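Down below is the structure, laid out as structure tokens.
What you are looking at is a predicted structure, and each value in this text was computed from that prediction instead of being measured.
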Amino acid sequence: MLGLNKKDTSLLIVVAILTLLAPFILNPFPTDSAMAQFNAGYPDLMQRFVIFGIFAIGFNILFGLTGYLSFGHAAFLGVGSYSAVWMFKLLSYNVIPAIALSVVVAGLFSVLIGYVSLRRSGIYFSILTLAFAQMSFALAYSVLSNPKFNLTNGETGLQVYADDPQILQGANSPDLPHLFGLPMRATYTMDVGAWSFDFNAGYYLCAVIMMVVFYLAIRIFRSPFGMMLRAVKSNQQRMNYTGLNSKPYTLAAFVISGMYAGLAGGLMAAMDPLAGAERMQWTASGEVVLMTILGGTGTLIGPVLGAGFIKYFENIFSKINDNVLHSWFAFLPDGLEDAVVFIIHPFIGKGWHLTLGILFMLVVIYLPGGLVEGGQRLLNWIRRKIVGGDDTREGKTEPAE
């Protein structure tokens, strides 16, 4: 189907089902229960899951296939956001032109950065991309916010004002990002017993786009172009000795990856029409590296899992405070309750980074292939239990994808 083999088609179907049914899957606990704290089925968080999933999928095309580790991909995320907001300011709130411009501008910007950075490899390439990203952050934060040609609005962030041209904005068009009249914030809430499920227009736009780019990523991975990128990662020097010039392939991978990042930035602006320089900071670039490694470098679904994992901890565990903990452990004697809360306190709220760091170390130590490898081990264990007896394949490892 769609030029994919049976395995890839099954993977695409699984991703589609998980994405489209996310409002149900991410709300497993009743709304009024104590465990509702762990529900993640509200629109803003679901949008972040798929947007950062797109960001990580694109980064994985560069890092997972070629082995080139970029510490500057946040620059393309920020450029995409700024481009989308400028389209809102100049034309209209329709998200399609804004998203298209964000991809194009990020692609052009990545050609420039990639052409220079790819003259080096290894750690020198990583440092160059980090330098370009920090230069972009500095430009957006200060230089380009000059009142004479204010392109970024500095630390305040770029946003749409009432006196902006918006030459194509119709009189009856929504005064916020929309898809041909359908507001991105439009949400239908369905109550089923004690459960409540939100179906948000913006989320489903992002979800459909993520499925499309995920399909494109599969085609890239399985194409001759993808095999050339794997050859670059395997032994670039030997590849050059055969007379094949690897630079056009690595530059193409860099540009494609940058366009994915620009698309993610454009979608962020489409969900919330505001672009700030903080999206270009080195921490944002490091975050996508963690997402890819945590999910499984070089795998197809791994970066999506890693993005969801990190964003879940960031948004759910950071909201847990001492009051929530006391409500959970109220059944314990007072002294023991206070002791348990005291022990857990450093790992929640502002300390969620500590919890994530510990989990990241455990994954790297015990699951070098990321969450995908963990899923494979679990499936193999279940398969052995169902079939019974010893599995002759036990002890052998296979590629994740």
Side-chain angles (χ1 to χ4, degrees), residues 1-15 53-70 73 76 103 106-107 110-111 113-115 117-122 124-126 129 210-263 288-289 291-293 295-307 368-373 375-376 393 396-401:
M1 184 182 75
L2 299 175
L4 304 179
N5 59 34
K6 184 177 179 180
K7 181 179 179 181
D8 291 336
T9 301
S10 300
L11 181 63
L12 183 61
I13 292 174
V14 169
V15 171
I54 293 171
F55 190 18
I57 291 170
F59 181 80
N60 190 47
I61 292 175
L62 176 67
F63 180 47
L65 288 181
T66 69
Y68 276 77
L69 177 57
S70 169
H73 258 52
F76 310 124
V103 174
S110 61
V111 170
I113 293 181
Y115 182 78
S117 301
L118 288 168
R119 292 177 176 270
R120 295 292 182 266
S121 60
Y124 304 104
F125 167 80
S126 301
T129 55
M210 193 197 76
M211 287 188 289
V212 171
V213 299
F214 185 77
Y215 166 74
L216 293 177
I218 296 176
R219 296 303 300 267
I220 290 173
F221 267 64
R222 306 305 185 216
S223 68
F225 171 70
M227 294 300 294
M228 292 295 290
L229 297 181
R230 293 177 191 273
V232 170
K233 182 178 181 179
S234 177
N235 196 323
Q236 186 174 2
Q237 189 174 18
R238 181 180 296 176
M239 182 179 175
N240 292 333
Y241 285 160
T242 63
L244 292 172
N245 185 5
S246 61
K247 289 185 178 179
Y249 295 96
T250 53
L251 179 59
F254 190 92
V255 173
I256 293 172
S257 183
M259 293 173 73
Y260 269 68
L263 173 61
V288 74
V289 175
M291 291 174 181
T292 307
I293 296 175
T297 305
T299 64
L300 286 166
I301 199 173
V304 180
L305 297 177
L371 297 176
V372 170
E373 181 181 343
Q376 287 183 321
R393 294 176 297 177
K396 296 182 180 180
T397 58
E398 298 178 357
E401 297 290 339

What heavy-atom pair brings [X] and [Y] nearest, and what distance separates the two atoms?
X      : Y      : answer
Ile57  : Ala217 : CG2-CB, 3.7 Å
Ser70  : Val289 : O-CG2, 3.9 Å
Ala106 : Gly262 : CB-CA, 3.5 Å
Val111 : Val255 : CG2-CG2, 3.5 Å
Tyr68  : Ser121 : OH-CB, 3.7 Å
Leu65  : Lys233 : O-CB, 3.1 Å

Under the 6.0 Å and 45° cation-pi test, does Arg119 pair with Tyr115? yes
How about Phe225 and Ile256: do any of their side-chain heavy atoms sit closer than 4.5 Å? yes
Quick check: do Met210 and Val15 have side-chain heavy atoms less than 4.5 Å from each other? yes
If you round to the nearest 0.5 Å, how far is [atom2] of [Y] from [atom1] of [X]?
X      : Y      : atom1 : atom2 : answer
Phe63  : His73  : CZ    : NE2   : 11.5 Å
Ile220 : Ile218 : CD1   : CD1   : 10.5 Å
Gln236 : Ser246 : CD    : OG    : 3.5 Å
Leu69  : Thr297 : CG    : OG1   : 9.0 Å
Asp8   : Leu12  : CG    : CG    : 8.5 Å
Met291 : Leu305 : CE    : CG    : 12.0 Å

Under 3.5 Å, side chain of [X] to main-chain N/O of [Y], donor-acceptor pair present?
X      : Y      : value
Ser234 : Arg230 : no
Tyr249 : Thr66  : no
Asn60  : Leu300 : no
Ser257 : Ala253 : no

Take Ile61 and Met259 through the test side-chain contact (heavy atoms from CB on, under 4.5 Å) and record every step on the way to the result. CA-CA 11 Å; Ile61 292 175; Met259 293 173 73; over 6 Å; no
Check against ring-ring contact (aromatic ring centres under 6.0 Å, His included), Phe76 and Phe254: CA-CA 11 Å; Phe76 310 124; Phe254 190 92; 5.7 Å; yes
